[in-house]
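What you are looking at is a predicted structure, and each value in this text was computed from that prediction instead of being measured.
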Amino acid sequence: MREAFRGDQRVDADALVARLDAVRRFLDAVDGEVPDSQLVGAHTLVERAGTRLALSRDHTVVALAGATGSGKSSLFNALARLELSPVGVRRPTTGVAHACVWGPLDGGNRLLDWVGVLPRHRFVRESALDGDDETALHGLILLDLPDFDSVQRSHRLEVDRLLGLVDLVVWVVDPQKYADRLIHTSYLREFHRHRDVTLVVLNQADRLPPAEVPRVLADLRRLLDADGLDGVPLLATTAVQPTGMDGLREALERTVAERQAALRRLAGDVDTVVDDLAELVTAEVPRDLPDETTVRSLDRALAGAAGVPAVAAAVQGAYRHRAGASTGWPLVRGWRKLRPDPLRRLHLPGPSGDVDRPEESLVAATSVPDPTVAQRSAVGLAIRAVADRSGAALPAPWQSAVTTAARSRLNDLPDALDRAVAGTDLGMDRRPLWWRLVGGLQWLLTLAALAGLGWLLLGYALRALGLPALDNPRVGEVPLPTLLLLGGLLAGLLVAAVTRPVVRWAARRARQRAEQRLTTAVAEVGDAYVLEPVRVVVGRYGRAREALRDAAR
């Protein structure tokens, strides 16, 4: 008996509270990620345990549970030594729970309010006539439950409710129905994690020949072992003989004295919940979320949907357009300015930054072409790959949670990508120094050509008016005005021709730099809108796994 209730292995109240707190942390971690239907037992445990520990720790609630005709009410009355619970032939006899409290009722009433026993069905076992006879049971609250096999469904539901609240259960069976399948499959087997707060009595043993009692007890022990209740105390009782209750009464006295039944019951409840929840956190926490190849595929898909190639091409075109306007022949620069700037057509910073910067605008919006159906499909497939790789090793509920998290901000992605593109520094705000140098050289050559042209026109005008001709110095055989005109024009064209391949090379470099910056910006969006929600879920999985491991200790 003492060994069955682990009298030498006490449950530490502080350790139990720590385990319950770990279950609470588990529930906080899985909230919204795991279906509530799988967490009912844990929520019920946290609520019930918190209430039970807050109520009287000086009382032990013991329930007599059994089938119709097993003699529960007779045992109840015999233990109380009073006729408290109705006993009769008509079945079911006990329709509601009756309670008997040994000792003062203070604290016991609040506990019975929580258990749900009506005040008119409560009795106090305290009498001056008893002297010290009942002192050993002070603190005991004994319940006589309805029959669990009652034809009335309300009785069965009441039994199931009360069995989840009491500290210790005394299962009462009789010689005729001790092997009944219902009590073994529906009740006793379900209590295999609560062996420390379970006791079985073979009642009405007086109906058996004395020689048959050991055989029936042995057969009942075999059935209990098959139910996973090996080691559970098994007693033979009879309410009609003075000594037929001694064993049960002694067991209850030890239980009341130890004040451990409530803690052991809650510890068993924690074990049950932990075992049931273990399947939700079986896998190790993933370390790579996800692998680099999958992330690069996501970045490429997002870059395509964000129009990065189109913007990069526009940067290259804008560079050539602006470089031509700055380094080209001044006489044709005005014609170039009539052509639209490629970046300005996309509502991105145009020449001299004449388009508002995104950080200065209330809404950053570009005119980048909308993604095609193929590009949107590529994004969807990339996000699915991220979810599959990240949650592949996790239990099924978490795989669904990871997939949901990866897609949780899918509708916000287009605007986020647009803002990222609009807010990226494309490196086109400043004109390179060499543009200015070449542009200045072009102006000098143009001015030289204009000076030569003016000189020649002035000479023609003087001759036409019959005035003395200007003195035209020569450089070699070529007059200086002619040299200035032709040399300026030819040199300007030569500088433009030499500059053109340099501009094309620099434009390709500008495109590459812009594409790298845009890809980085888009990758940051993917990290914030796809990968970060996945990391949050996996982080919650890790906290849930750690919490459940703490609860299992």
Side-chain angles (χ1 to χ4, degrees), residues 25-39 42-43 277 279-308 358 363-366 368 370-424 518-548:
R25 288 190 285 113
F26 176 89
L27 292 174
D28 290 339
V30 303
D31 184 33
E33 310 296 351
V34 175
D36 290 338
S37 59
Q38 297 183 264
L39 304 174
H43 283 292
L277 296 177
E279 63 181 12
L280 297 178
V281 289
T282 53
E284 294 291 337
V285 181
R287 298 187 180 275
D288 297 328
L289 296 173
D291 57 275
E292 294 184 3
T293 302
T294 305
V295 174
R296 285 197 296 268
S297 298
L298 173 66
D299 293 343
R300 284 195 299 269
L302 293 177
V308 169
V363 179
T366 69
V368 177
D370 292 333
T372 64
V373 175
Q375 289 172 333
R376 288 196 294 268
S377 298
V379 171
L381 291 175
I383 292 177
R384 166 64 71 175
V386 168
D388 291 344
R389 299 292 192 281
S390 301
L394 300 179
W398 290 97
Q399 292 179 8
S400 300
V402 168
T403 300
T404 301
R407 298 177 58 85
S408 61
R409 307 192 67 181
L410 184 59
N411 293 333
D412 299 330
L413 267 179
D415 289 341
L417 292 173
D418 195 58
R419 289 193 300 270
V421 170
T424 299
L518 288 168
T519 301
T520 300
V522 167
E524 291 176 354
V525 172
D527 184 86
Y529 283 71
V530 179
L531 298 180
E532 182 58 26
V534 169
R535 283 195 290 266
V536 168
V537 172
V538 174
R540 298 185 72 174
Y541 173 83
R543 292 194 297 274
R545 180 177 170 83
E546 181 180 359
L548 198 64

Task: Leu413 side, atom CG; Ile383 side, atom CD1 - distance, nearest 0.5 Å - done: 5.5 Å
Task: salt bridge (Lys or Arg N to Asp or Glu O under 4.0 Å) partners of residues 379-388, not counting sequence neighbours, each pair once - done: Arg384-Asp388
Open item on the list: Show every side-chain hydrogen bond (donor to acceptor under 3.5 Å, both in side chains) that has at least one partner inside residues 534-543, sequence neighbours left out.
Closed with: Glu33-Arg540, Asp527-Arg535, Glu532-Arg535
Open item on the list: Using 0.5 Å steps for rounding, measure from the CG atom of Leu518 to the OG1 atom of Thr424.
Closed with: 5.0 Å
Open item on the list: Strictly distance-based, threshold 3.5 Å: is any side-chain N or O of Thr294 a donor or acceptor partner for the main-chain N or O of Pro290?
Closed with: no
TODO: Could I get the full list of ring pair (Phe, Tyr, Trp, His ring centres under 6.0 Å) partners for Phe26, not counting sequence neighbours?
DONE: none
TODO: Check step by step if side-chain contact (heavy atoms from CB on, under 4.5 Å) holds for Asp299 and Val295.
DONE: CA-CA 6 Å; Asp299 293 343; Val295 174; 3.8 Å; yes
Task: Candidate pair Arg409 and Val530, rule side-chain contact (heavy atoms from CB on, under 4.5 Å), full reasoning - done: CA-CA 7 Å; Arg409 307 192 67 181; Val530 179; over 6 Å; no
Task: Non-hydrogen atoms of Pro35 and Pro397 that approach each other most closely - done: CD-CB, 4.2 Å
Task: Inter-residue atom distance Ser390.OG - Leu531.CG, 0.5 Å rounding - done: 7.0 Å
Open item on the list: Tell me if the CZ atom of Arg376 is crowded by more than 12 foreign heavy atoms within 6.0 Å.
Closed with: yes
Open item on the list: Testing the basics here: between Val285 and Gly542, what is the closest heavy-atom pair and its distance to 0.1 Å?
Closed with: CG2-CA, 3.6 Å
Task: Nearest heavy atoms of His43 and Leu27, plus distance in Å - done: ND1-CD1, 3.7 Å
Task: Cationic N near anionic O, under 4.0 Å, Glu546 to Arg25 - done: no
Open item on the list: Ignoring hydrogens, what is the shortest heavy-atom contact between Ala393 and Ala283? Give both atom names and the distance.
Closed with: O-CB, 2.8 Å
- [ ] Could you grab the distance from atom CG of Leu417 to atom CD of Glu524, nearest 0.5 Å is fine?
- [x] 12.0 Å
TODO: Assess whether side-chain contact (heavy atoms from CB on, under 4.5 Å) is satisfied between Leu39 and Leu277, documenting all intermediate values.
DONE: CA-CA 8 Å; Leu39 304 174; Leu277 296 177; 4.1 Å; yes
TODO: Heavy atoms only: give me the nearest Pro371-Ala305 pair and the separation to one decimal.
DONE: CB-O, 3.7 Å
- [ ] Could you tell me the separation between the OH atom of Tyr529 and the CG atom of Leu410, rounded to the nearest 0.5 Å?
- [x] 12.0 Å
Task: Derivation of the side-chain contact (heavy atoms from CB on, under 4.5 Å) call for Leu280 and Val30 - done: CA-CA 10 Å; Leu280 297 178; Val30 303; 5.9 Å; no
- [ ] Search all heavy atoms of Ala405 against all heavy atoms of Val534 and return the closest pair with its distance.
- [x] CB-N, 4.2 Å
Open item on the list: Nearest 0.5 angstrom please: Thr403 OG1 to Gln399 CD, how far?
Closed with: 7.5 Å
